[in-house]
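None of these values were measured; they are calculated from a predicted model. Below, all heavy atoms of this structure are taken into account, side chains as well, without hydrogens, waters or symmetry copies. Letters A, B, ... mirror the listed sequences (proteins, then strands); counts begin at 1.
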Amino acid sequence: MLGWELPPHNSGGLGVACLNMAHALSRQHVDIDFVVPYESDNEEYDFMNVLSATHLDPIYRYGGGSYASLQLEEKVIPTKEDDHFISIRDVQHSYCEFVNKYLMDFKPAAVHAHDWLTYEAAILAKKNYGIPFVAHVHATEYDRAGMHNGNPLIHEIEYEGLMMADEIIAVSEATKRIIHEKYHIPLSKITVIYNSLDESYYTKKYQYNNDAYNYVSSLKRDGWTIVSTVGRFTIQKGLSFLMDAAAMVIQKNPKVLFVFAGDGEERNDLIALAARLGIAKNVIFTGFVRGRKLRDIYTISDIFVMSSISEPFGLTALEAAHHGDALILTKQSGVSEVIWSALKYDFWDERKLADEILAIANSPALQDTLTSNVKKEYNKISWDKVAKKCLNVYNKTIKHKRN
Amino acid sequence: MRAICLYLHMHQPIRYREYSIFDVSNKSDYFKDKYDGRQSNERIFRKVTEKSYRPMLALLEHNIKLLPDFRFSLSITGTWLEQAEKWAPELIEQIARMVKTGQVEIVGETYYHSLAFFYNREEFDAQVKLHADSIKRLFGVTPVTFRNTELAYNDELAKWADEHGYKAILAEGWDKVLGWRSPNYVYRPTDTKNIKLLLKNYRLSDDIAFRFSNRSWKEWPLTVPKYQRWIDDDCLRGPLINLFMDFETFGEHQWEDTGIFAFMNEFISSWLSEYDNKFVTTSEAADLTVPVDEISMPQTVTWADTERDLSAWLSNAMQETAMKEIYALRERVLASKNDKLISEWRYMTTSDHPYSMCTKYWNDGDVHAYFSAYASPYESFMYYMNVLRDIEYRLNTTKK
């Protein structure tokens with residue numbers, strides 16, 4: 001399995017999904033060597049081997065980046081012989097070299113590669129050693145660029161990888177559609193496998209801690225309804241539509257509080273928009289949150305809104321449901337394809353979103369039915385089922401090879 | 001002697017549109033979706049008219065004229081009649097012509113296809129009377145047999161119908177109640193004096209209503225000789241075969257290209273071609289034999305789903321809330337003496353509405369989802385409650 005990160009060195013959902021998937025596959029008796037582009041003592045798992053492709057510290061897995069000063073580079077970043085900048089392309093290059101060397105000694109039944117960062121190494125495995133290549137698409141450059149074109153180099157790598165792959169796994173029908181329409185890959189090569197909820201949510205002990213959001217709790221006791229959203233504040237997330245809807249809601253029901261958890265380049269615009277709409281008092285910005293603080297937000301909320309214009313899957317919705325939130329999802333999110341017990345809307349339809357928030361805020365019956373039914377649903381989607389579906393895909397590629 | 005009692009149920013609800021909270025107190029056009037909208041009553045009625053009502057009524061009338069021994073019974077809701085008067089009045093004339101021959105009987109029920117019997121007995125009485133008045137006005141007859149919405153039946157309903165002078169009442173022939181007994185006889189409901197109980201033969205009814213076009217059914221395709229052989233076999237259990245189903249089975253649930261119309265046309269004459277076979281209306285069926293036994297159904301039994309109970313209408317908090325809130329408005333609505341407001345409030349009592357809020361099977365995306373006019377049970381509830389809010393607003397403002 002070729003990946004770019006594993007917890008705790010993960011910047012988002014990709015690492016969590018890879019870990020859960022690998023763990024579930026190991027329960028299906030699959031032997032896994034998982035390659036990461038950095039070296040760290042933290043990733044020790046008894047169900048798979050984690051291999052380091054470089055000696056880099058985990059923070060450099062996306063390259064030195066433009067933030068690193070020249071001085072820092074000289075001191076900290078191990079440079080190559082020609083002494084040039086370490087970029088993500090260099091990391092990818094070393095990653096490929098490592099995989100190539102590794103394959104001289106070991107011949108896995110299949111290579112399972114997660115997103116564009118690892119596709120080049122997987123192509124190499126296929127070209128040089130004839131090993132079947134399964135590409136797993138968690139997001140495409142179109143998603144990351146808010147349905148605009150984005151970085152042409154990344155497109156090129158994605159395109160080549162998707163063309164070369166024997167089989168492709170997409171995290172939703174929406175993603176499958178993008179792979180077909182934008183990269184011209186035949187639909188028969190793409191299998192949709194939805195993600196499941198992080199297993200640590202079931203296993204790790206968690207108790208709500210009131211200290212963090214005492215003020216919000218006090219509002220709740222006074223009969224307020226808490227609406228939250230979590231994510232990066234980028235254009236892809238459609239948050240300005242949510243803010244407009246919030247204004248419509250508050251005009252009808254002033255006892256609704258909106259919690260925007262996260263950070264990103266749209267933050268200042270959103271703060272200004274709330275002020276312009278005259279609802280700043282009803283809107284809270286928490287900044288970036290993770291771990292326990294994030295779970296506290298889910299717990300204290302009544303309603304979770306996923307307002308994304310495009311969202312390959314949207315794991316945060318399942319996390320919120322797990323903590324008892326009623327869900328409102330855009331029809332453009334992958335998660336809305338699998339979850340039925342939710343209210344849905346088109347990302348641009350602010351009035352409908354406002355309608356839905358008000359309906360839940362005004363009706364305990366609606367809230368109770370939504371929250372209790374959604375639990376029955378996501379419990380049915382397990383990582384073990386994901387693993388079984390992955391196995392089916394592997395078997396298909398092995399059959400291709402025989403033919 | 002062997003008899004088939006064919007009974008068809010005709011109904012269309014008056015659907016509320018996606019009525020926003022921002023419309024409440026501003027406009028009260030709940031029942032008027034745009035023509036091509038999802039809840040467009042006119043579009044749906046016209047569609048079903050072309051697919052089902054028109055061809056099936058023509059088929060039935062053809063057989064009525066051709067075969068003096070052909071008979072059937074119909075129940076027609078008030079909400080169907082209101083929409084037909086607007087968009088297909090010739091259908092009403094056609095039914096009236098058939099009723100005049102004496103070969104077609106109209107069965108009584110609630111005007112609004114509601115579950116009022118279980119919520120408010122006065123409202124139930126009022127809706128049954130409204131229905132009878134309508135039937136009298138349009139067809140010149142008064143129903144002497146009765147069916148409750150969705151065939152929802154219990155001992156109390158039987159008592160009510162007995163006291164109100166009905167000759168017969170219809171119910172599901174559900175095995176759990178019947179045990180070893182056969183639905184092919186006439187029964188007497190517990191604690192009643194004169195009324196007879198007619199029980200649906202659900203296997204033979206559902207062969208047509210549900211399984212007819214199912215290609216994975218091992219008996220597909222169903223032919224007339226095969227079906228008639230099954231009836232012959234079933235008649236060994238008793239002489240009366242009660243085939244009860246939705247009128248829309250023909251053309252709407254089973255499309256024309258499944259061969260449903262040709263099947264029915266052939267079946268009617270084929271059945272009558274045999275000596276001693278006949279068709280009976282519901283009131284004739286009641287007189288066919290003396291009651292062979294007494295039957296008690298203390299719990300409500302319906303003709304829906306595998307559970308045969310009211311859970312499709314009443315199993316979650318949304319459905320309970322919607323029904324509680326609608327009936328709670330009754331006294332104030334009637335006191336307003338505003339006819340428009342009263343009938344609009346009554347449109348909201350139609351059982352299709354709580355049915356569309358059912359989440360029992362929603363996750364599997366089955367028949368409930370397929371037949372729903374709303375994107376989800378949750379949306380249906382949301383718009384329903386907004387309508388009630390506006391009705392309440394109108395009550396508060398007209399008082400002054």
Distance in Å, [X] [atom1] paired with [Y] [atom2], rounded so as to fall on 0.5 Å steps:
| X | Y | atom1 | atom2 | value |
| --- | --- | --- | --- | --- |
| B:F381 | A:L370 | CZ | CG | 9.5 Å |
| A:R351 | B:F22 | CZ | CZ | 7.0 Å |
| B:M385 | A:L358 | CE | CG | 13.5 Å |
| A:N362 | B:I21 | CG | CD1 | 5.5 Å |

Determine whether [X] and [Y] make a side-chain contact, defined as any pair of heavy atoms from C-beta on separated by less than 4.5 Å.
| X | Y | value |
| --- | --- | --- |
| A:I360 | B:Y378 | no |
| B:N386 | A:D355 | yes |
| A:K352 | B:E379 | yes |
| B:M318 | A:D368 | no |

How close do B:S376 and A:A342 get, heavy atom to heavy atom, and via which atoms?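 Nearest heavy atoms, B:S376 then A:A342: OG-O, 4.5 Å.
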Looking at every heavy atom in both A:A365 and B:A317, which two are closest together, and how far apart are they?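 Looks like CB-O, 3.6 Å.
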May I ask you to name which of A:Q251, A:E356, A:K344 has the most heavy-atom pairs under 4.5 Å with chain B?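 Of the candidates given, the most pairs with chain B belong to A:E356.
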Tell me, for A:L343 versus chain B, whether the close heavy atoms (under 4.5 Å) come from the side chain, the backbone, both or neither.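 Answer is side chain: those atoms of A:L343 sit under 4.5 Å from chain B.
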Side chain, backbone, both or neither: which part of A:T369 has a heavy atom under 4.5 Å from chain B?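 Both backbone and side chain.
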Does [X] [atom1] have over 12 foreign heavy atoms under 6.0 Å away?
| X | atom1 | value |
| --- | --- | --- |
| B:E122 | CD | no |
| B:K32 | NZ | no |
| B:Y393 | OH | no |
| A:E173 | CD | yes |
| A:K331 | NZ | yes |

Considering only heavy atoms, which portion of B:S20 lies under 4.5 Å from any heavy atom of chain A: side chain, backbone, both, or neither?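 Its backbone and side chain both get close to chain A.
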Taking it one step at a time, do B:T359 and A:N373 satisfy side chain to side chain donor-acceptor pair (under 3.5 Å)? CA-CA 8 Å; B:T359 54; A:N373 283 350; 3.2 Å; yes
